[in-house]
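So the structure is just underneath, and the comments pick up after that.
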There are 2 protein chains.
Amino acid sequence: MSSSLAKSNSQTLNASVLSQLRSDIITCRLMPNERLRVEALRERYGMGTSPIREALMRLEAEGLVELEQNKGFRVSEVSQASLRDLMRTRIEIETIALRWSLENGGVEWEANLLGAFHRLSRQTKIDRVNSDAISGAWSREHADFHAALVAACGSPTMMAIRARLFEQADRYVALSIMSNGPLRDDVGEHKQLMRAALNREVEKAIELNRLHIMRTLDKVAASLAAGKAIGENHMTGRKRTP
Amino acid sequence: MSSSLAKSNSQTLNASVLSQLRSDIITCRLMPNERLRVEALRERYGMGTSPIREALMRLEAEGLVELEQNKGFRVSEVSQASLRDLMRTRIEIETIALRWSLENGGVEWEANLLGAFHRLSRQTKIDRVNSDAISGAWSREHADFHAALVAACGSPTMMAIRARLFEQADRYVALSIMSNGPLRDDVGEHKQLMRAALNREVEKAIELNRLHIMRTLDKVAASLAAGKAIGENHMTGRKRTP
DNA sequence: GGTCAATAGATTTTCGAAAATCTATTTGAT
DNA sequence: ATCAAATAGATTTTCGAAAATCTATTGACC
């Protein structure tokens, strides 16, 4: 029942539960709006209150968790409005990061991008066999590919912002997959995008990236509208007295 | 010696120490790179370890604090490189937010902007009398003015990013003021910027904003280069044994 | 029946001490 | 003298219980 990722014991419990919680939220093993009771999390992750609350505070700053004074934490709510806001902002941020990256990228960047694409396309094939069981691996390769695109942008600040928005978007994607199955086979899209990037066709790459995000938005928004029940009022109330 | 802001007791200690710490870091009452020992902070803010560590974790996500595993927290380091990265990113973000805000802003937005400018210009006058003693008040009005500019941008995500970057920049400004005194009298700059915004002269407002940030960057970068000693190696070592 | 205060249980928040880890210094061997 | 292991003190990290707060329900009163 508890999360799978066994962490190397060289980390502090704090760091360990932070990455586990983040992962559980992004993949919607912890559903949007779900209450995060300290006692329940203590049991789930097997540790005391301190590291858990510390991790939750950090995730609050990242926007994955919300805290109401004296009422505790819950997973951030999802909504059409914030999905659209998120994706709109993502497009702007990635546009800038991509432009900078194409201006600065050298041979190393090109090599890493090619590598990331290769891993992603392989992973896609594997997934087609295993259905959507281990799509966690795909998700990681997918994230890596998009990170590789902007890796040469030269701005740690911009990259950090981009990564955070990508994570938030990933949560919506996970939610969509849960109700409607895998989004679509977009190996082609990624390949096009990579080619434009490697050829330094800046405006084309930016436009492809924008379309890539917009297509995801449409798909996710649709399944969010359809599967309204999911994610709304999920374990919203307090534990019933026996 | 401890921070002045007396917090209303309706907040949790956690929320209280969070805002105090954030303020102390942004104003450089806690200097860049200064170690943040839990015991010292316990004394400074008068509470136990839990709320303090929770606040520190949150500030780490905001980029004001850095955590090294098993070695504790310290105020984030400052550097020419990260200053330039920060300002460059700020320009891009504020450009987008400003554009959206000028597209969407209604009468309410205009009124609030005028009000914010009025308070800022009044505050500037008061400050000229009291030297740089209570420049904290000016800093607040200044932040409010820039927030008012983009308040109609319609994107909570973009506004949150902008606010965070502004805070980070404010820390550099505070550092600069500490060594070189008040930056400059930029009432005129703010007035120009407001007028362009109210007249919906989008490109002009964006350019003025860019110049506003660039001028600040130049000034701050210069005093950072000059006063190298400040902020470097400040209480960097471990407490000496008696 | 409806409203409001009192109560009890659940939950969050906070504390202070214990455990784990790091760092500087001393000690001992080569 | 040099290096490495051992030690001691400082510091971080974690725990579990106590205090504070919230929420649902009961019961009194109109």
Side-chain angles (χ1 to χ4, degrees), chain A residues 2 6-21 30 33-61 64-76 233-242, chain B residues 2 6-21 30 33-61 64-76 233-242:
Chain A
S2 75
K7 289 290 157 186
S8 104
N9 55 3
S10 64
Q11 289 186 108
T12 57
L13 289 183
N14 178 14
S16 160
V17 72
L18 174 60
S19 59
Q20 285 185 80
L21 260 172
L30 294 169
N33 208 37
E34 181 172 346
R35 277 199 70 181
L36 297 169
R37 290 196 195 74
V38 174
E39 185 51 36
L41 297 179
R42 276 186 44 144
E43 226 173 272
R44 183 182 181 117
Y45 300 112
M47 61 188 68
T49 57
S50 305
I52 288 172
R53 276 186 61 94
E54 286 167 21
L56 288 170
M57 284 299 286
R58 201 182 186 298
L59 291 172
E60 205 220 345
L64 291 174
V65 154
E66 279 159 21
L67 168 62
E68 208 177 346
Q69 297 242 336
N70 289 323
K71 294 204 202 165
F73 297 90
R74 51 179 64 226
V75 180
S76 288
N233 296 334
H234 181 81
M235 293 193 69
T236 254
R238 139 208 198 87
K239 191 161 102 186
R240 289 211 305 136
T241 28
Chain B
S2 77
K7 289 290 156 186
S8 108
N9 55 3
S10 63
Q11 290 185 107
T12 57
L13 289 183
N14 178 15
S16 161
V17 72
L18 175 60
S19 59
Q20 285 186 78
L21 261 172
L30 294 169
N33 209 36
E34 181 172 345
R35 277 200 69 182
L36 297 170
R37 289 194 196 75
V38 174
E39 185 51 35
L41 297 180
R42 276 186 44 145
E43 228 174 271
R44 181 179 182 120
Y45 301 112
M47 61 187 68
T49 57
S50 305
I52 288 172
R53 277 185 60 95
E54 286 167 20
L56 287 170
M57 284 299 286
R58 202 182 185 299
L59 291 171
E60 205 219 347
L64 292 174
V65 154
E66 279 159 20
L67 167 63
E68 208 176 349
Q69 297 242 336
N70 289 324
K71 294 202 198 165
F73 298 90
R74 50 178 65 225
V75 180
S76 288
N233 296 335
H234 181 81
M235 292 192 69
T236 253
R238 140 206 197 87
K239 190 160 101 187
R240 289 211 306 139
T241 28

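In what follows, chains carry the letters A, B, and so on, assigned in the order in which the sequence lines appear, proteins first and then strands, with residues in each chain numbered from 1. Just so you know, these numbers come straight off a predicted model, no measurement behind them.
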- Item | Phosphate-side-chain proximity, A:Lys71 and D:dT23, N/O vs OP1/OP2 below 4.0 Å | yes
- Item | Min side-chain heavy-atom separation B:Leu13-B:Val17 under 4.5 Å | no
- Rounded interatomic separation in angstrom, taking CD from A:Glu68 and C1' from D:dC22: 11 Å
- Does B:Glu34 come within less than 4.0 Å of B:Arg74, counting only side-chain N to carboxylate O? no
- Query: Taking only N and O in the side chain of B:Asn70, is any of them less than 4.0 Å away from OP1 or OP2 of C:dC22?
  - Reply: yes
- Query: Does B:Arg35 put a side-chain nitrogen or oxygen below 4.0 Å from OP1 or OP2 of D:dT12?
  - Reply: yes
- Task: Output the single nucleotide from D:dT14, C:dT12, C:dT14 whose closest atom is nearest the side chain of A:Val38.
- Result: C:dT12
- Rounded to whole angstroms, how far apart are CG on B:Leu36 and P on D:dT13? 12 Å
- Query: What's the CG-C1' distance between A:Leu67 and D:dC22, to the nearest Å?
  - Reply: 14 Å
- Query: Of the nucleotides D:dG16, D:dT13, D:dC15, which one has an atom closest to the side chain of A:Leu13?
  - Reply: D:dC15
- Using atom CD of A:Glu60 as one end and atom P of C:dT13 as the other, report the distance to the nearest whole Å. 10 Å
- Quickly work out the B:Glu43 CD to C:dG16 P distance and round it to whole Å. 13 Å
- Is there side-chain contact between B:Phe73 and B:Glu68, with at least one heavy-atom pair below 4.5 Å? no
- When you match A:Gln69 and A:Gly46 each to their closest nucleotide on DNA chain D, which lands nearer the 5' end? A:Gly46
- Message: Counting C-beta onward and ignoring hydrogens, is there a side-chain heavy-atom pair between B:Leu30 and B:Leu21 closer than 4.5 Å?
- Response: yes
- Atom CE of A:Met47 and atom P of D:dG16: how far apart are they, to the nearest Å? 12 Å
- Report the distance from atom CD of B:Gln11 to atom P of D:dC22, rounded to the nearest whole Å. 13 Å
- Query: For the side chain of B:Pro51, counting heavy atoms from C-beta on, which of D:dT14, C:dC15, C:dT13 is nearest?
  - Reply: C:dC15
- Query: Do A:Gln69 side-chain atoms and B:Thr12 backbone N/O form a donor-acceptor pair below 3.5 Å?
  - Reply: yes
- Message: From the set C:dT21, C:dG16, D:dT12, return the single nucleotide nearest to any side-chain atom of B:Ser50.
- Response: C:dG16
- Message: Is there a side-chain contact between B:Arg53 and the phosphate of D:dT13, meaning an N or O under 4.0 Å from OP1 or OP2?
- Response: yes
- Query: Within this structure, what is the CZ-to-P distance between A:Arg37 and C:dA10, rounded to whole angstrom?
  - Reply: 11 Å
